[in-house]
A.B. asks: 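I'd like to ask some things about the structure below.
Below, all heavy atoms of this structure are taken into account, side chains as well, without hydrogens, waters or symmetry copies. Naming convention: chains lettered A, B, ... in sequence-line order (proteins, then strands); numbering from 1 in each chain.
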Amino acid sequence: MPLFGKSQKNPAELVKALRDSVQALEAGDRKAEKAQEDVSKNLNQMKTMLYGSPEQEPQTDMVISQLAQELYNSNLLLSLIESLQKIDFEGKKDVALIFNNILRRQIGQRFPTVEYILVKPQILFILIGGYEKQDIALNCGGMLRECARHESLAKVILYSEDFYKFFSYIESSSFDIASDAFSTFKELLTRHKVLSAEFLETSYEQVFSHYQALLNSDNYVTKRQSLKLLGELLLDRHNFNIMTKYISSADNLKLMMMMLRDRSRNIQFEAFHVFKVFVANPNKPRPILDILLRNRDKLVDFLTRFHTDRADDEQFNDEKAYLIRQIRELKPITDSPQSTPQHSANPPPQ
Amino acid sequence: MLIEDAGIPPGTFGNIRFLDSGFKGSRVYSAIDGGRVVAVKIIDLDSSVDELAEAEREVLILSSLRHAHVTRLMRSFVNGHFLLIVQNLYSSLSLYRLLEGGFPDGLPELAVAFVIGDCLIGLTYLHKCGLVHRALSAAHLLCDDKGRISITGMRHSIAIAQGLSHDFPSQHALHNLPWLAPEILAQDLRGYGRPSDIYSLGILALELANGKAPFAGLEAEKVLLYKLRDIVPSLNASKCFREPFTDFTDRCLQYEPENRPTCIDLARHVYLKQVKKYSSLWRFIHPPKDIKSIQEAKQSPMKHTAEGDRATLRDGNSLSNDIHWSWEDSDKS
């Protein structure tokens, strides 16, 4: 304890003081101004306890573990998030910093705060709903992403109805909210490979019918980001089954061929990385093959002229050359009496 | 329509006037948005692969900040492949333009003290928020019509955990070279932190006082070499600076980061104390008669930007317009 300066509250006192001031703020009576001040002050002290300050080291593990225990027992994390909109600008940031620090706390293999949130999952859903409120959207987003780093919490979100709210948040007209929501969405779908592959497989229809709307969005950023993420998802080996399903749909191929000729060069380029998966598939279903064959000359011609200024990008040029070769050599399926379900992209010359 | 071409949705803003062109072809306009005078920055997100991620960084950092001496985000939205960032500045003029337009040999010493004082208040806030700005320079300070200074250029900044970063700002290093601290350029294990901004503040003070940043115009390799050897070229021999000023910059430009003062230390420096009671830059210099006149003297790039846009669109379309995919057999032509 410092010799001079304000006397420090111990964790129990601090949690109680903060809880009381948040309650006063919620009550919103004429003492609200004083309550706001108290909330800020207490939040600041709690932040300093966890992170330290230029003049002060962070508190010892024992003090912090006491603080965490008090936070769980009092449900203060939940009430802070519930009252977030009423807390002032810097206070909102402090809440997120405190929440994220406590969430990262680890005892051996255990994450006690994760266990706490699993018992109080409404914390997750209040945070998701935060994207609907301009003044707390990014604070909530930051806390949500910290949650999404933990597989058990990501699972709760993915398998909840609320996950589908992200599809509208991503199209938010506010660029900052849309960007933040997209990065949380991406974290949920890419951080825990096995979990998300399982989720995408079991919820394929529901997820991809929503995803289609993102790809068709009028918003340039939504379209470009979702297209890029689609490419990453399909090319991840954990998602093999999802890729196989995706590239057997003629509608999906048509969409990618349309995007290849989008006005934006960056969208054209991202579409190329999805389109190539359709062409490289050794077992193309009939409708896919039909479309490629019907457009064979146009595609060869188009790809030959496609982004020729990327001369330095060796991988891209190799892939392009490969696609052109594959498309040139496409052979129609002969309607022989025998069943020919499997078709090789490179049939031996007849 | 010229304005529409430039990425401004028609009917959204009133009184649109070109102010300045920024980093990587971005453009800044002043406009009326919902009754308020604002600055609108327009970024072409399709101009390069990285621009979208860069712009996201900038907007997310901006929206986490609220301070009188830091530009404030009012809203941001997308129009076609342009991002519009609406900020709270009115009649804003960068100090770089101010020097260029009226003070090629630098501002008077007390005016410099005033600008640095305001900048330091903003910087103290950024440091408190855990950010290192990494690009303090006259171009990233804006002055409004009331003569108050705010910090901009937040896309260059980085959040530092544990007080240190090892991230090298490769995107901007060449552009910001004169202002970058030696420890950022050294790219070694020691990393860098808040003191690197104090170094930049020292260079900024010299830039404001001389009209040009030290090292400006030198080859990049030479600047690098000088910086790593702890050489700061003295400049403008015709100008004589008083001791408080030289003491202030000397302290900021200490080679070892740990020998530099913090923002809080600097705020108490005698050089800044002289101007503490003033609240407007216009107490020290005459405001440009009409901030407008400086800007209009520069050739407005609006016209050829719009032409540039059309050219890129044409390029994009030349690939796509003449091709129509065939979905059904009947489409075959």
Side-chain angles (χ1 to χ4, degrees), chain A residues 51-54 88-90 92-93 96-97 134 137-139 141-142 172-180 182-183 218-225 228 250-251 253-254 257-258 260-270 287 290-291 293-296 298-299 301-302 305-309, chain B residues 43-53 55-67 73 75-86 125 127-130 161-163 194 262-264 312-329 331-333:
Chain A
Y51 288 89
S53 70
D88 65 15
F89 186 81
E90 296 296 328
K92 289 181 179 107
K93 283 159 59 181
L97 283 170
Q134 175 83 43
L138 302 192
N139 306 104
S172 161
S173 59
S174 282
F175 173 76
D176 47 346
I177 295 181
S179 292
D180 194 278
F182 189 83
S183 62
D218 291 334
N219 184 315
Y220 165 86
V221 175
T222 308
K223 196 170 173 174
R224 181 170 154 195
Q225 298 282 50
K228 180 162 190 259
D251 283 338
L253 173 61
K254 286 179 188 178
M257 287 170 67
M258 297 303 290
L260 276 177
R261 13 161 314 186
D262 193 275
R263 275 163 56 139
S264 150
R265 271 177 59 84
N266 285 297
I267 288 177
Q268 293 168 6
F269 191 59
E270 298 299 346
D290 282 350
I291 291 176
L293 278 169
R294 210 169 284 139
N295 294 287
R296 179 162 59 190
K298 288 179 202 168
L299 276 169
D301 185 45
F302 176 84
R305 288 185 292 140
F306 185 74
H307 290 212
T308 43
D309 52 344
Chain B
I43 296 173
D44 182 355
L45 297 172
D46 214 38
S47 62
S48 80
V49 187
D50 309 319
E51 194 48 40
L52 177 53
E56 275 184 347
R57 254 179 67 77
E58 178 172 5
V59 168
L60 292 181
I61 291 176
L62 269 178
S63 47
S64 73
L65 302 172
R66 195 167 288 183
H67 190 270
L73 179 77
R75 61 187 183 122
S76 61
F77 62 98
V78 173
N79 178 38
H81 57 96
F82 292 99
L83 171 66
L84 286 83
I85 302 178
V86 182
Y125 174 73
H127 283 183
K128 198 184 119 227
C129 294
Q162 315 306 328
R194 295 175 175 89
T262 65
C263 286
I264 310 217
T312 24
L313 281 186
R314 254 202 319 276
D315 289 348
N317 285 343
S318 70
L319 236 174
S320 37
N321 264 356
D322 48 347
I323 288 230
H324 293 282
W325 306 125
S326 320
W327 305 136
E328 307 297 335
D329 274 326
D331 290 348
K332 234 173 189 170
S333 49

A.B. asks: Is the number of heavy atoms from other residues, nucleotides or ligands under 6.0 Å of A:D218 CG greater than 12?
C.D. replies: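 At most 12 heavy atoms, drawn from other residues, nucleotides or ligands, come within 6.0 Å of this atom.
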
A.B. asks: Report which part of A:S179 has an atom under 4.5 Å of a heavy atom belonging to chain B: side chain, backbone, both, or neither.
C.D. replies: both

A.B. asks: Could you look at A:Q225 and say if it's the side chain, the backbone, both or neither that has a heavy atom under 4.5 Å from chain B?
C.D. replies: side chain

A.B. asks: Look at the side chain of A:R224 and the backbone N and O of B:L45, then say whether any donor-acceptor pair between them is shorter than 3.5 Å.
C.D. replies: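 Judged by distance alone, yes, a pair lies under 3.5 Å.
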
A.B. asks: Please report the closest heavy-atom contact between B:V49 and A:N266, naming both atoms and the distance.
C.D. replies: CA-OD1, 3.7 Å

A.B. asks: What option among A:N139, A:V221, A:I291, A:D180 has the most heavy-atom pairs under 4.5 Å with chain B?
C.D. replies: A:V221

A.B. asks: Which atoms of B:L73 are under 4.5 Å from chain A, going by heavy atoms: the side chain, the backbone, both sets, or neither?
C.D. replies: side chain

A.B. asks: Which atom pair, heavy atoms only, marks the closest approach of B:D46 to A:R265?
C.D. replies: OD2-N, 3.2 Å

A.B. asks: Chain B heavy atoms under 4.5 Å from A:K93: which part of the residue, side chain, backbone, both or neither?
C.D. replies: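 Contact with chain B is through the side chain of A:K93 alone.
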
A.B. asks: Nearest 0.5 Å please: distance from the CG atom of B:L83 over to the CG atom of A:D176.
C.D. replies: 9.5 Å

A.B. asks: When rounded to the nearest 0.5 angstrom, what distance separates CZ in A:F175 from CZ in B:R75?
C.D. replies: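 A:F175 atom CZ to B:R75 atom CZ measures 14.5 Å (nearest 0.5 Å).
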
A.B. asks: Quick check on B:T262 against chain A: is it the side chain, the backbone, both or neither that has a heavy atom closer than 4.5 Å?
C.D. replies: neither

A.B. asks: Any chance you could measure A:E90, atom CD, to B:K128, atom NZ, to the nearest 0.5 Å?
C.D. replies: 5.0 Å

